Asker: 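My questions will all concern the structure given below.
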Amino acid sequence: MSDPHAVPESPKLEALHRRLAEHSLGGHWQTRERNAALVPHLWRWSVIYSCLMESGEVVQLGGVDDAANRRTVQLVNPALTNKKATTRTLQMSIQLVKPGERAECHRHTAAALRFVVEGDGSGYTNVEGEQMLMEPGDLVLTPNWTWHDHFNPGKRNIVWLDVLDAHLTNHLDAGFHENFGEGPAQPIVKPDRYCKQRLGAIRPRMTNVSGQALPYTYKWIDTLQALKEIAAAAQIDPHDGVLLEYTHPITGGPTMPTIGCWVQMLPPGETTAPHRHTSSTIYHVVQGEGVTVVGDKKGAAKDLAWGAHDCFFVPSWNWHHFKNGSNKEPAIIFSVTDRPVLESLGLFREEEG
Ligand SMILES: [Fe+2]
């Protein structure tokens with residue numbers, strides 16, 4: 001059916017369009033290509049993991065020309081295969097560092113974080129000279145332009161989620177990258193948990209406090225304790241179950257200006273209420289099994305049935321709610337979102353179902 005508001009076609013209009021195009025101009029009435037709608041999607045951990053292990057056989061880390069390369073398997077939204085991107089703002093990838101391997105030191109304007117899935121706790125990320133040991137469930141931040149390298153001195157693989165705001169950074173033409181240049185690793189000058197000593201609620205007096213994102217590590221043991229205590233106090237969000245935000249240790253705002261990090265616990269048998277919002281979210285199941293029902297229209301939903309370590313994506317403005325598949329065990333889900341970007345630009349909008 002033709003558009004009733006379209007400008008009637010005519011030889012004069014065609015001539016005008018040709019002339020506009022010749023001079024790199026366009027008419028507001030002319031059609032333009034719109035962004036493809038991103039689709040809800042689930043990536044099964046067994047498939048991610050087997051591809052990652054296979055990459056460990058055929059892709060070497062390091063080398064002279066690609067000293068700062070990483071070995072990751074990237075989650076790709078089926079609507080963004082041309083960009084090999086998980087979302088328009090964020091990238092989630094799964095990284096493998098084998099025993100004895102080092103991912104060499106570099107920094108970039110894309111902010112990044114790691115959430116550990118597997119490891120014996122001996123591996124670490126060095127962020128700005130601080131050795132941050134990585135145990136399963138730990139979250140390590142490497143904000144914009146901070147030096148970072150990874151090393152696995154242990155006997156077991158380390159596997160973690162890498163999340164970067166690289167697509168947003170690149171969209172803004174603000175992507176810069178630099179290799180350390182003084183060897184494969186920066187010196188370790190601060191011990192593990194230095195950030196907690198210096199930035200905890202009881203800390204040395206600070207001057208020149210700014211709200212900029214800081215290298216920081218959130219230990220799983222603390223996260224799990226907080227989840228259990230809030231669950232015991234029955235503080236349950238209707239849309240997300242027991243929902244906690246990882247916060248900036250000084251400002252109380254999001255971890256980083258472009259990436260928010262959350263963790264939620266769905267009590268046994270819990271079904272949450274639907275809502276939708278303009279931020280999009282990538283989830284990683286820490287434990288448990290269940291279903292997230294997602295759809296851009298009410299009643300036209302897709303069931304994303306997840307188990308431990310699966311990853312899934314809920315696009316902007318899609319209705320969604322969660323069901324814990326177990327009546328006995330809680331489910332725990334870590335998530336990352338571009339919500340801080342939407343909020344800071346006045347673009348965050350939410351609707352309850
Ligand atoms: Fe990096």
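In this text the structure is predicted, and so the values were computed from the model without any measurement. As the structure lists them, so they are numbered: ligands from 1, and atoms in each ligand from 1. Computed over heavy atoms, backbone and side chain alike; hydrogens, waters and symmetry mates excluded.
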Asker: Which class fits the ring pair W160 and H150: parallel under 30°, tilted 30 to 60°, perpendicular over 60°?
Answerer: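 Judged by the thresholds at 30° and 60°, the geometry between W160 and H150 is tilted.
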Asker: Classify the angle between the aromatic ring planes of H106 and H177 as parallel (below 30°), tilted (30 to 60°) or perpendicular (above 60°).
Answerer: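 Taking H177 first and then H106, their aromatic rings stand perpendicular (interplane angle over 60°).
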Asker: Would you call the rings of W220 and F115 parallel, tilted or perpendicular if under 30° counts as parallel and over 60° as perpendicular?
Answerer: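 Judged by the thresholds at 30° and 60°, the geometry between W220 and F115 is perpendicular.
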Asker: So, T86 side chain and L75 main chain: donor-acceptor pair closer than 3.5 Å or not?
Answerer: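 Checked: pair present.
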Asker: What do you reckon, is CD of Q212 surrounded by more than 12 foreign heavy atoms closer than 6.0 Å?
Answerer: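 At most 12 heavy atoms, drawn from other residues, nucleotides or ligands, come within 6.0 Å of this atom.
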Asker: Go around the Fe ion (ligand 1) and count every protein N, O or S atom nearer than 2.8 Å.
Answerer: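 Step by step: take the Fe ion (ligand 1), keep protein N, O, S below 2.8 Å, and you get 3.
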Asker: Is the centre of the W319 ring less than 6.0 Å from the centre of the H321 ring?
Answerer: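 No, the ring of W319 stays outside the 6.0 Å limit from the ring of H321, centre to centre.
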